[in-house]
A.B. asks: 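Handing you a structure now.
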Amino acid sequence: MIRVRFAPSPTGFVHVGGLRTALYNYLFAKRNNGRFILRIEDTDRSRFIEGATNNIIKVLNWAGLIPDEGPEQGGGFGPYFQSQRTQLYRQFAEQLLRAGYAYYAFDTPEEIDKLRQTASERNLQPKYDSSTRMSMRNSLSLSDDQVRHNLETGIPHVIRLLIPENRTFTVHDLIRGQVTFHSSQVDDQVLIKSDGFPTYHLANVVDDHLMEISHVIRGEEWLSSVPKHLYLYECLGWNPPEMAHLPLIFNPDGTKMSKRDIQSLSALPTGKVDPDVQSYINAGYEKDAIVNHIALLGWNPGDDRELFSLQELVDHFSLERVNKAAAIFDIPKLNHINQQHLSRKSASVLAREVLTELSARGITAQTQEYLEQVVKLMQPRLYLRNQFFEASHYFFLDPETYDADVVKKRWTENSAKYLLEFVEEIAKLELFDKNSLETALQVVASRNTVNAGQVIHPVRLAATGVGAGPGLYELLELLGKERVINRLKKAAQVIPLLQKP
RNA sequence: GGCGCGUUCGUCUAGUGGUUCAGGACGCCGGCCUCUCACGUCGGUAGCACGGGUUCAAAUCCCGUACGCGCUACCA
């Protein structure tokens, strides 16, 4: 049984890279009829942020990555909060202690600092390991009596893993192949902190084993700590899970994505990008597009296809096709993918979504049918759902201004005359549809022996106030006879005044 | 500094020794479509980090260098 987990710590917002890790775990699980587990790694009290867990769950739900087991849905391997499993970690730490694989250490933070300082002064790597551990205060260097006394009098202490000398640890990473580490490079990692909570290293090994995780799929930043984990599995007598370390995702300038210095998506500092998934949700990106885009940051299906729904990703995903190299989060590409998903969306669904923005602005559409028609016309012209009103306001409100550049470019001294003639023609129309509108406009143009464009552009400007948008006849038809006539008449009066210097 | 990982167009990537003077996508430039803006479509631009090997043959294998990134916490 394939069992994978997404194991974030509730320390703030959901990172784009975190979402992708969750996605790959989800895809791998679903592709292999396995289970996707959410586990909250809340063992660091000092960084705990209230509400962060709910936020993680909310974003996962939004993206459609619903866990099979986790805080919300439970499961037979709970609890799914590490903070509720401290007894377990303690128990295994003591087992390691008894077997001589771990030891107590009583050093104060100041003493550790000093160790680090003297090491770097001598240009050595500051490490708590075989080269230094005997000069520190721990159950290896102290007498049994002293150790017992320290423990009984409640002197703060941690439990450290005793890393053996001259050993080698090799992981067969599913993405990177064989990676080997020497034990001289790994220090005696703290397993249980002085506050009684475990560190990540102990907790993730214990939980992954107890939760029967078959594959650990996580970010590359964890690769370096794999030897510690491997050794823990060994000491505990357990088989390690399969491992896959994913490439990282960076800013366009190659730096780590950071929330610092980022005010909004519309005003990103050059070379930077917002790491907060919520920002993209708020900006109105399609969830399928976000999922699609991050899926492609490090994975590809092996052919030229690049538009996928979540289900299609499930159908095609494999770890073998995950890349080794880090990727850059590119907003223009995201926008393109978003536009593709947007244009494939059904108009009725989009109309419903767009309605919230309209209501927020106090705009009402005359009917649901009308809104859907507008959406249909606007769909290929949008790359972001939230641009809808900005691009289509004239379907809901009469124009109050006329784009100065368009006036300058398209309005001539005869325009008002054409407008009024066109009004006259369409006033006679019984059927106000695009065909008859086109015919009417042709009549005006040929009567004045000018190109249709000479009439079309002023009419568009008059009816919408802007120079861009859907085809004129479709637009007019949708607007409706009365509204069009009123707007044209008004424009014929107002625009010439604007022209005067 | 040490250790680890990585390096194909600006970006995401295909490519697992010959069928590739490296293919697709975004972006950019130009054409077509056309009443505008988009969509669509056609074409163009641009890349195997560098240096050594191995081989009849290397983007593909090996070594080195450079550069980037990660880790080096009682954070995850």
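Just so we're on the same page: letters track the sequence lines, and every chain starts at 1. Remember, predicted model here, so these are calculated numbers, not experimental data.
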A.B. asks: Using a 4.0 Å heavy-atom cut-off across all strands, classify A/Gln340 as base, sugar-phosphate, or nothing.
C.D. replies: sugar-phosphate
A.B. asks: My understanding is that a pair needs two contacts under 3.5 Å, Watson-Crick or G-U wobble. By that rule, which nucleotide pairs with B/A59?
C.D. replies: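 Because no pair has both required distances under 3.5 Å, B/A59 counts as unpaired.
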A.B. asks: For RNA chain B, which residues in residues 318-325 of chain A have a heavy atom at a distance below 4.0 Å?
C.D. replies: A/Arg321, A/Asn323, A/Lys324, A/Ala325
A.B. asks: Taking only the P atom of each, what is the distance from B/C61 to B/U72 in whole angstrom?
C.D. replies: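 Approximately 31 Å lies between the P atom of B/C61 and that of B/U72.
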A.B. asks: A/Tyr24 ring centre to A/Arg20 NZ or CZ under 6.0 Å, with the angle to the axis within 45°?
C.D. replies: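 Yes, A/Arg20 and A/Tyr24 form such a contact.
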A.B. asks: When rounded to the nearest Å, what value does the distance between C1' atoms of B/C21 and B/A58 take?
C.D. replies: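 One C1' to the other, the span is 15 Å.
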A.B. asks: Taking atom C1' in both B/C12 and B/U7, what distance in whole Å separates the two?
C.D. replies: 15 Å
A.B. asks: For B/C39, give its Watson-Crick or G-U wobble partner with both distances under 3.5 Å, or none.
C.D. replies: none
A.B. asks: Could you tell me whether A/Ser9 contacts a base, only the sugar-phosphate backbone, or nothing, with contacts defined as non-hydrogen atoms closer than 4.0 Å?
C.D. replies: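 Sugar-phosphate only.
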A.B. asks: Go nucleotide by nucleotide along RNA chain B from the 5' end; which of A/Trp299 and A/Pro380 gets its closest nucleotide reached first?
C.D. replies: A/Trp299
A.B. asks: Is there a salt bridge (charged side-chain N to carboxylate O under 4.0 Å, His left out) between A/Glu94 and A/Arg90? Walk through the geometry before answering.
C.D. replies: CA-CA 6 Å; A/Glu94 276 162 13; A/Arg90 187 91 218 173; 3.5 Å; yes
A.B. asks: Name the orientation class of the two ring planes belonging to A/Tyr280 and A/Tyr285 (parallel below 30°, tilted from 30 to 60°, perpendicular beyond 60°).
C.D. replies: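 Rings of A/Tyr280 and A/Tyr285: tilted, 30 to 60°.
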A.B. asks: Using a strict threshold of under 4.0 Å (side-chain N to carboxylate O), is an ion pair present between A/Glu286 and A/Arg344?
C.D. replies: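 No, A/Arg344 and A/Glu286 are not salt-bridged.
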A.B. asks: For a quick check of understanding: with a heavy-atom distance under 4.0 Å over all strands, which category does A/Gly453 fall into, base, sugar-phosphate or nothing?
C.D. replies: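 Result for A/Gly453 = nothing.
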A.B. asks: Does B/G10 have a Watson-Crick or wobble mate here (both distances under 3.5 Å), and if so which one?
C.D. replies: B/C26
A.B. asks: When all nucleic acid strands are considered with a 4.0 Å heavy-atom cut-off, which category describes A/Arg305: base, sugar-phosphate, or nothing?
C.D. replies: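 No contact.
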A.B. asks: Taking B/G44 as the reference, what is the distance to B/G24 when you measure between their P atoms (whole Å, please)?
C.D. replies: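 To the nearest whole Å, 9 Å.
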A.B. asks: Need one value for A/Gly298: base, sugar-phosphate or nothing, where a base atom within 4.0 Å counts as base even if backbone is also close, heavy atoms only.
C.D. replies: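 Sugar-phosphate contact only.
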A.B. asks: Could you tell me the Watson-Crick or G-U partner of B/U54, where both distances fall under 3.5 Å? Say none if there is no partner.
C.D. replies: none
A.B. asks: Counting only heavy atoms and a strict 4.0 angstrom limit, can you tell me which residues of residues 166-180 of chain A come near RNA chain B?
C.D. replies: A/Arg176, A/Val179, A/Thr180
A.B. asks: Across all strands, who's sitting opposite B/A73 as a Watson-Crick or G-U wobble pair, both distances under 3.5 Å?
C.D. replies: none
A.B. asks: Could you check whether A/Lys256 gets within reach of a base, just the sugar-phosphate, or nothing at all, counting any heavy atom under 4.0 Å?
C.D. replies: sugar-phosphate
A.B. asks: Would A/Trp411 and A/Tyr402 count as a ring pair (Phe, Tyr, Trp, His ring centres under 6.0 Å) here? Give the steps.
C.D. replies: CA-CA 11 Å; A/Trp411 193 267; A/Tyr402 300 93; 8.1 Å; no
A.B. asks: With a 4.0 Å cut-off on N to O distance, would you call A/Asp113 and A/Arg116 a salt bridge?
C.D. replies: yes
A.B. asks: Looking only at side-chain N and O atoms, does A/Thr255 offer a donor or acceptor that is under 3.5 Å from a partner on A/Lys272?
C.D. replies: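 Result is yes, a qualifying pair exists.
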A.B. asks: Given the C1' atoms of B/U60 and B/C3, what is the spacing between them in whole Å?
C.D. replies: 28 Å
A.B. asks: Name the nucleic acid region contacted by A/Leu472, choosing base, sugar-phosphate or nothing; use a 4.0 angstrom heavy-atom cut-off, strictly under.
C.D. replies: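 Base: the residue A/Leu472, judged by heavy atoms under 4.0 Å, touches a nucleobase.
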A.B. asks: So A/Phe250, base contact, sugar-phosphate only, or nothing? Heavy-atom distance under 4.0 Å.
C.D. replies: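 Sugar-phosphate, backbone atoms only, no base.
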A.B. asks: According to the Watson-Crick and G-U wobble definitions, with both distances under 3.5 Å, which nucleotide is paired to B/U20?
C.D. replies: none
A.B. asks: Check the orientation of A/His229 and A/His201. Use parallel for under 30°, tilted for 30 to 60°, and perpendicular for over 60°.
C.D. replies: tilted
A.B. asks: Which is true for A/Pro470 with a 4.0 Å heavy-atom rule: it touches a base, it touches only sugar-phosphate, or it touches nothing?
C.D. replies: base
A.B. asks: Closer to the 5' end of RNA chain B via nearest nucleotide, is it A/Gln185 or A/His157?
C.D. replies: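 Nearer the 5' end of the strand: A/Gln185.
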A.B. asks: Would you indicate what A/Gln379 reaches in the nucleic acid, counting non-hydrogen atoms under 4.0 angstrom: base, sugar-phosphate, or nothing?
C.D. replies: nothing
A.B. asks: Looking at every non-hydrogen atom in both residues, tell me the closest pair between A/Asn204 and A/Gln82 and how far apart they are.
C.D. replies: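 Scanning both residues, the minimum pair turns out to be N-NE2, 4.1 Å.
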A.B. asks: Mind listing the closest non-hydrogen atom pair of A/Leu162 and A/Tyr231 along with its distance?
C.D. replies: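 Looks like O-CE2, 3.4 Å.
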A.B. asks: Pick the P atom in B/C48 and in B/C63, then give their distance to the nearest Å.
C.D. replies: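 B/C48 and B/C63 have their P atoms separated by 23 Å.
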A.B. asks: I'd like the P distance from B/U8 over to B/U13, given in whole Å.
C.D. replies: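 It works out to 9 Å between them.
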A.B. asks: Below 4.0 angstrom, N of the basic side chain to O of the carboxylate: do A/Lys376 and A/Glu372 qualify?
C.D. replies: no
A.B. asks: Base, sugar-phosphate, or nothing for A/Ser343, non-hydrogen atoms under 4.0 angstrom?
C.D. replies: nothing
A.B. asks: Would you measure the distance from the C1' atom in B/C42 across to the matching atom in B/C33 and give it in whole Å?
C.D. replies: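 Going atom to atom, C1' in each nucleotide, I get 11 Å.
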A.B. asks: Any idea which heavy atoms bring A/Leu115 and A/Lys127 closest together, and the distance?
C.D. replies: CD2-O, 3.9 Å
A.B. asks: Could you please name the partner base of B/G68, counting Watson-Crick and G-U wobble pairs only when both distances are under 3.5 Å?
C.D. replies: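 Matched B/G68 with B/C5 under the 3.5 Å cut-off.
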A.B. asks: Where does the chain A footprint on RNA chain B start and end, counting 5' to 3' with a 4.0 Å heavy-atom cut-off?
C.D. replies: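 Here the contact window of chain A covers B/G1 to B/A76.
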A.B. asks: When we call it a touch if two heavy atoms are under 4.0 Å apart, what does A/Pro198 touch: a base, just sugar-phosphate, or nothing?
C.D. replies: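 The residue A/Pro198 makes sugar-phosphate contact but no base contact.
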A.B. asks: Check A/Leu230 against A/Pro240 and note the closest heavy-atom contact, atom names and distance.
C.D. replies: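 Of all heavy-atom pairs spanning A/Leu230 and A/Pro240, the closest is CD1-CB, 4.1 Å.
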A.B. asks: Specify the closest pair of heavy atoms between A/Leu38 and A/Ile57, including all atoms of both residues, with the distance to one decimal.
C.D. replies: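 So the two residues come closest at CD2-CG1, 3.9 Å.
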